[in-house]
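Order of appearance sets the numbers: ligands from 1, and atoms from 1 within every ligand. The figures that follow rest on heavy atoms only: side chains count, while hydrogens, waters and symmetry mates do not. Just so it is clear, the model here is predicted, and its values are computed rather than measured.
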Amino acid sequence: MTLETSIEFLKNIGTERAKFIKNVLGITTVEDLLTFYPIRYIDKSKIYKIGDLTKEPDADIQLKGKITDIQEVVYEKGKRLSAKFRDETGTMDLVWFRYTNWMKDSIPLNKEIFIFGKVNFFNGNFSMPHPEIEADEKKALSGTLLPVYPGSEKLSKRGINNKFFQNIIFNILKDLPQLISENLPDYILKSMKLMGRLNSYYNIHFPKDFKHFEAADRRLKFEEAFFFQLGYGLKKLHQKTKSFGNPFPIVGDHFTNFYNNNLPFELTNAQKRVLKEIRTDMKRSTQMNRLLQGDVGSGKTMVALLTMLIAMDNGFQSCLMAPTEILAQQHFNSIKELLQNTDINVKLLTGSSKTSERKIIHEELENGALTILIGTHAILEDKVKFQNLGLAIIDEQHRFGVAQRAKLWSKNNIPPHILVMTATPIPRTLAMSFYSDLDVSVIDELPANRKPIITAHRREKDRLSVYQFCREEIEKGRQIYFVYPLIEESETLDYKNLMEGLESVMNFFKSYNVTMVHGRMKPAEKDINMQFFASGQAQIMVATTVIEVGVNVPNASVMVIESSERFGLSQLHQLRGRVGRGAEQSYCILMTDDKLSKESRTRIKTMVQTNDGFKISEVDMELRGPGDILGTQQSGVVDFKKLSLIEDSAIIKASKLTVERILEKDSLLNHPDNQMMKQYYIRQYKGKNKWAQIS
Ligand code: ADP
Ligand code: MG
């Protein structure tokens with residue numbers, strides 16, 4: 001028997017149930033079971049006081065006191081039983097939604113008893129539904145920390161309940177301890193004060209006490225972080241020795257002339273710092289692999305342009321790739337405008353470029369006459385060959401697949417320097433610790449003339465006043481966005497909402513021009529409508545999320561997001577970033593339904609409270625988990641079982657340092673002390689380390 005053995009061969013499971021467990025919970029192997037961690041523990045050794053509770057506790061808890069005032073409450077859909085429970089520090093409600101008369105009568109009144117269960121906190125009151133009641137003190141306080149596993153009614157119907165998992169997992173630990181051999185060398189266990197591996201599995205499932213649980217938890221988290229970092233450390237070492245790059249030793253006339261004569265504004269300090277970092281990278285004869293993070297509106301385009309000018313000064317071509325046509329077009333327009341007083345040749349290549357234009361572009365790229373190419377995925381086509389591509393800039397990284405990025409590398413014998421720009425700020429802990437093969441630059445400062453966007457939450461009943469507010473803004477000369485969710489462009493219902501929205505807006509704003517952009521339109525039509533808005537001819541743009549990324553109309557000052565509860569946080573932040581680009585005060589209005597889920601409420605509240613993209617992404621990550629944040633193609637990439645990228649930054653840092661120290665001394669892991677770690681890594685992580693493919 002090994003960790004990879006299917007669970008059907010374990011005692012008391014059998015083929016049928018194994019299949020069922022696999023389907024419902026995704027648990028296939030013995031190892032899956034061992035890492036099927038409890039979601040919480042039942043601790044009956046401790047007695048809580050109502051007065052000490054400040055929030056909903058994570059686990060079921062026990063309280064001591066008296067039940068008073070039992071009442072049957074009858075309402076439309078049925079009845080419930082409700083009672084007061086008091087201890088010497090306060091009162092809470094007890095409720096039963098399902099009960100029999102016999103049960104009702106057997107509830108002890110005005111007698112010292114123990115209650116045990118889940119405590120809810122709502123509207124400033126604590127309550128406990130369906131408490132377990134125990135009068136015998138000895139019985140109440142017996143029992144240590146018992147694990148509670150994720151489960152469902154569907155599972156327990158087949159006898160797969162908490163007890164079942166407790167037994168099965170306990171038996172594995174008892175009968176097969178040899179499966180859980182240590183994978184970290186002794187010197188790390190000692191220096192990091194880590195619990196042994198087998199012991200940790202025992203104590204994560206059946207903790208001796210809370211201290212043991214904490215030690216086990218820390219060790220298992222460290223182990224995950226450690227092997228992850230090890231993969232990266234090894235990859236980085238490997239890459240450093242392999243990937244040559246073209247050194248860009250000089251800053252020449254193109255850069256200097258532009259900087260001195262054509263720069264329309266003073267760079268922010270953050271822009272200057274980031275440029276210096278990029279410049280230092282590109283001087284070297286290794287390939288640059290840099291992630292440039294900057295909130296929406298932080299001025300990444302200018303950094304990109306200046307970087308391309310450095311490439312040009314060193315005799316190389318550059319390309320800038322954007323995820324959508326609109327975005328590519330916008331980059332092209334703004335860069336073209338910035339370069340208007342120079343003779344630098346810039347061209348745009350997208351899916352809708354005409355054959356005749358393409359021909360010229362292909363020729364000029366190959367003979368070197370074209371120095372800056374801006375475009376979409378079209379740049380990746382095999383037909384597109386450069387004379388000497390020295391720099392590839394990718395905007396809005398998460399939209400591009402890994403394979404597509406790799407394609408850029410092969411456009412030159414010596415791979416071009418890569419600069420990935422993203423406005424989806426990845427939380428710092430994640431970026432710094434986990435993109436260890438990408439260097440990270442952060443523009444953490446907005447241009448000085450910006451006023452923070454004011455964000456408000458409004459409901460349907462406020463619609464008229466929202467419209468009136470918009471009208472006042474238009475009368476001041478501003479422009480307005482109305483954005484509708486069209487998550488799936490094919491969803492007929494969403495499409496209908498969009499059209500109704502358009503009608504409602506057109507009805508109210510009769511004397512103004514309204515234009516529209518959505519995903520079902522042909523690119524040319526989109527462009528025309530977008531231009532109509534960008535040029536100021538239309539005061540109102542009704543759109544779906546196609547305008548999400550990058551669109552730059554500085555005169556637009558109000559962003560109304562309809563059904564905003566249906567958008568994710570990073571999307572809302574991106575959308576909001578479409579306003580606040582000029583010197584005027586800008587506003588973002590989040591329209592929602594009256595009823596909101598808890599998660600939607602958190603999202604809306606976060607948006608109203610902060611403009612800081614990093615804070616927003618941290619909340620987002622807590623709500624959704626890191627896999628999702630990095631985009632669908634990469635989801636599941638950082639599937640940690642225990643480690644939390646937000647809460648465990650100390651462990652992550654420690655594991656990174658530990659790995660660095662090990663690899664400094666023993667980069668091939670040949671030292672005898674490092675053998676079990678190496679073997680474990682090879683067996684466990686090879687091939688699984690998908691992160692290794694990012695850029
Ligand atoms: P993003 O980082 O979202 O791509 P952009 O590069 O589109 O941001 O810049 C947003 C706006 O800010 C543009 O209109 C740009 O001209 C302007 N901008 C960029 N840098 C500065 C600066 N240092 N001072 C003033 N305005 C700036
Ligand atoms: Mg941009």
- With no hydrogens and no angle check, do the side chains of Gln531 and Asn529 hold a donor and an acceptor under 3.5 Å apart? no
Near [X], which atoms of ligand 1 are under 4.0 Å from a heavy atom of that residue?
X	answer
Asp295	2 (O)
Glu266	22 (C), 23 (N), 24 (N)
Leu267	23 (N)
Arg581	3 (O), 7 (O), 10 (C)

Does [X] pair with [Y] as a salt bridge, N-O distance under 4.0 Å?
X	Y	answer
Asp648	Lys653	no
Arg458	Glu562	no
Glu473	Lys476	yes
Arg290	Asp281	yes

- Note on the structure: If you compare Glu445, Gln271, Arg450 by their heavy atoms, the one closest to atom 12 (O) of ligand 1 turns out to be Arg450
- Nearest option to atom 5 (P) of ligand 1, as decided by whichever heavy atom of Thr301, Thr268, Asn269, Leu338 sits closest: Thr301
- Quick one: are Leu590 and Thr455 in side-chain contact, heavy atoms under 4.5 Å?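 Yes - at least one pair of side-chain heavy atoms lies under 4.5 Å apart.
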Is there a heavy atom in [X] that sits closer than 4.0 Å to ligand 1?
X	answer
Ser298	yes
Gly294	no
Met421	no

- How would you list, by chain and number, every residue that makes a ring pair (Phe, Tyr, Trp, His ring centres under 6.0 Å) with Phe255, sequence neighbours excluded?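 Checked Phe255 against ring pair (Phe, Tyr, Trp, His ring centres under 6.0 Å); matches are Tyr259.
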- Is any N or O atom of Pro447, backbone or side chain, closer than 3.5 Å to an N or O atom of ligand 1? no
